[in-house]
Amino acid sequence: MSRSLAVLVAAAVLLLSAGPRAQQATSLDPAALSAAIERALAVAPRGLEALLVPSQVGVRVLDVDVERISTSSQRITIDLSQKTLTYDPSGNVEGLLDQVLRSTAALTAGAGDVQYRLLVDGLPLERFLPRLPDPVSRPRALGKADRVVVSAGHGWYWYEPARAWRLQRDYYWGIVEDFVNWDIASYVQDELSTAGFDVRPARYPRRDVKMGAAGQPAWQDSAKYFIRSLGAPPEVSDFGVDDYARDINSRPFYANWIDSDAMISIHNNGGGGTGTETWYDETNGYASESRRLAQIVNDTVVAAIRAHYNPQWPDRGLRSCNACKGETRLAFRPAIILEVAFMDMKTPDNDALHDEAFKQIVAAAVREALREFSRP
């Protein structure tokens, strides 16, 4: 990024902080949210198509409540029935919860920062999930990020029900998130390396001729296969009931294993919304620093897109939850998920994700954000 571009990004961030975040966020309607979740429960989540749909086996919405925290933030509390924990016979709840959260995406446009609080029969979700010990004993210098794990979401994985390899997401208008994430993460890795960061990719980092575990180019594989090839022990690369769960778990476990200072996961969204949002976890022990990192990254990325690509690009703000996403929950360090755009929104999101210039703008902005986060 040139000095002039960096100045423009910084100026745009100041404008953002003085503008939309000072305005009253659109109030959310609990009844509309509940109806959207009910519709989502009438469809089997991706990867679980062989099962009956959640509503047929007793997954219910018990209550949805919305609380305004400030002029620019709200909390959505979603209480689901006990069957949520056992819908997936493997015991993994993330696929179902992802579908629940995606169903609310279109409704939370303009809602500002949103905190999701997920309950199961009135009890916080995190009480039902295993808490693994942090293998890292070294005191972490908070607010400093020299070693950064860059995790490109998804990729090919072994899908046991069909005894076949499959991608984790669907194609939209000729592109698929598994590969778009890798493209953006690759640019981020280059930008951070140039800036002097110790960058550790979670997926194979080069688009070369090497073939991967799935019989496809290695860069297309999901993370667990690459992390295993780096010599990670089985408790890092192979923890989980199937390769989908192992892939999710391997990413934060890898960040813990190499003792990174921060972790940024690159994703793209779904659910019919539009714009950029950034997630962090409230329960991983680093919520405050994760939120600070998420705020800096989200503001800087949106500012850069508005300054250099689309002045009307929507800023969806921050999203957080209590243990709903393994990539952030299991990282015992500041960790965020940057949802750059919506794969299933043709214009402007999917159109932008076809454009290499857009991806490079996002990557350069992430570099500037990590510099800001690391600044004393």
Side-chain angles (χ1 to χ4, degrees), residues 1-2 4-26 70-74 105-106 108-115 150 153 177 180-181 183-185 187-188 191-192 262 264-280 290-320 328 334 336-343 345 347-373 375:
M1 178 184 283
S2 68
S4 59
L5 177 55
V7 170
L8 283 171
V9 169
V13 170
L14 290 175
L15 288 173
L16 279 170
S17 63
R21 293 196 181 279
Q23 299 173 1
Q24 181 85 7
T26 302
S70 70
T71 57
S72 61
S73 61
Q74 300 172 73
T108 55
D113 297 344
V114 177
Q115 298 178 11
V150 178
E177 187 192 347
V180 174
N181 294 342
D183 291 342
I184 298 172
Y187 287 130
V188 170
E191 292 283 354
L192 292 178
I264 177 167
S265 299
I266 304 296
H267 281 258
N268 282 280
N269 226 330
T274 178
T276 299
E277 66 188 27
T278 305
W279 286 77
Y280 66 98
S290 294
R291 189 187 194 285
R292 188 172 78 87
L293 176 60
Q295 188 78 75
I296 294 170
V297 168
N298 196 81
D299 285 351
T300 308
V301 168
V302 171
I305 295 172
R306 288 179 174 177
H308 301 286
Y309 196 85
N310 180 347
Q312 304 304 317
W313 190 261
D315 179 4
R316 295 175 59 87
L318 304 190
R319 300 289 184 268
S320 68
T328 47
I336 64 170
I337 298 173
L338 172 63
E339 297 277 8
V340 178
F342 279 76
M343 294 292 304
M345 179 60 68
T347 303
D349 298 52
N350 190 279
D351 289 342
L353 293 173
H354 277 82
D355 191 336
E356 296 304 307
F358 175 83
K359 299 172 189 176
Q360 291 168 350
I361 288 167
V362 170
V366 170
R367 183 185 78 172
E368 292 304 302
L370 265 294
R371 277 177 164 171
E372 174 65 24
F373 178 76
R375 195 167 293 144

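Everything quoted here is computed from the prediction, not taken from an experiment. For the numbers below, each heavy atom of this structure counts, side chains included, while hydrogens, waters and symmetry mates do not.
For the side-chain contact (heavy atoms from CB on, under 4.5 Å) test with Glu277, the passing option among Val302, Val114, Asn269 is Asn269; the others fail. Applying the side-chain hydrogen bond (donor to acceptor under 3.5 Å, both in side chains) test between Arg316 and each of Asn298, Thr108, Thr278 identifies Thr108 as the sole match.
Under the 4.5 Å side-chain criterion, counting only non-hydrogen atoms from C-beta, Ile266 is not in contact with Val180. In this structure, Phe358 and Asp351 have side chains that are not in contact, with every pair of non-hydrogen atoms separated by 4.5 Å or more. Considering only heavy atoms from C-beta on, Val150 stays 4.5 Å or farther from Val366 through its side chain. Counting heavy atoms from C-beta on, the side chains of Ile184 and Asn268 come closer than 4.5 Å. Two residues are said to be in side-chain contact when any heavy atoms from C-beta on lie closer than 4.5 Å; Asp113 and Arg291 meet this criterion. Residues Met343 and Asn350 meet the side-chain proximity criterion, which asks for heavy atoms closer than 4.5 Å. Glu372 has its side chain out of reach of Thr300: every pair of non-hydrogen atoms, C-beta onward, lies at least 4.5 Å apart.
Here Trp279 contributes atom CH2 and Leu338 contributes atom CG; the two are 13.0 Å apart, rounded to the nearest 0.5 Å. Atom CD1 of Ile361 sits about 7.5 Å away from atom CG of Asp355, to the nearest 0.5 Å. One distance of note links CD1 of Ile336 with CD of Gln295; it measures 11.0 Å at 0.5 Å rounding.
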So Tyr280 and Leu293, side chain to side chain contact (heavy atoms under 4.5 Å, CB included) or not? Walk me through it.
-> CA-CA 9 Å; Tyr280 66 98; Leu293 176 60; over 6 Å; no
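For the pair Arg306 (side chain) and Trp313 (backbone), a donor-acceptor distance under 3.5 Å is present. Put simply, the side chain of Gln74 gets close to the backbone of Ala111: a donor and an acceptor are under 3.5 Å apart. Judged by distance alone, the side chain of Thr276 and the main-chain N or O of Val340 form a donor-acceptor pair under 3.5 Å. The backbone N or O of Gln360 sits nowhere less than 3.5 Å from a side-chain atom of Glu191 that would complete a donor-acceptor pair. A donor-acceptor pair under 3.5 Å links the side-chain atoms of Asn181 to the main chain of Glu177, judged by distance alone. A donor-acceptor pair is defined here as one N or O able to donate and one able to accept, closer than 3.5 Å; such a pair exists between the side chain of Asp349 and the backbone of Gly275.
Residues Ala304 and Ala365 share a closest heavy-atom pair of CB-CB, 3.7 Å. The two residues Ala25 and Gly112 make their nearest non-hydrogen contact at CB-N, 3.8 Å. Of all heavy-atom pairs between Gly271 and Ala105, the closest is O-CB, 4.1 Å.
Remark: Glu356 pairs with Tyr187, Lys359 by the side-chain hydrogen bond (donor to acceptor under 3.5 Å, both in side chains) rule, at least two apart or across chains.
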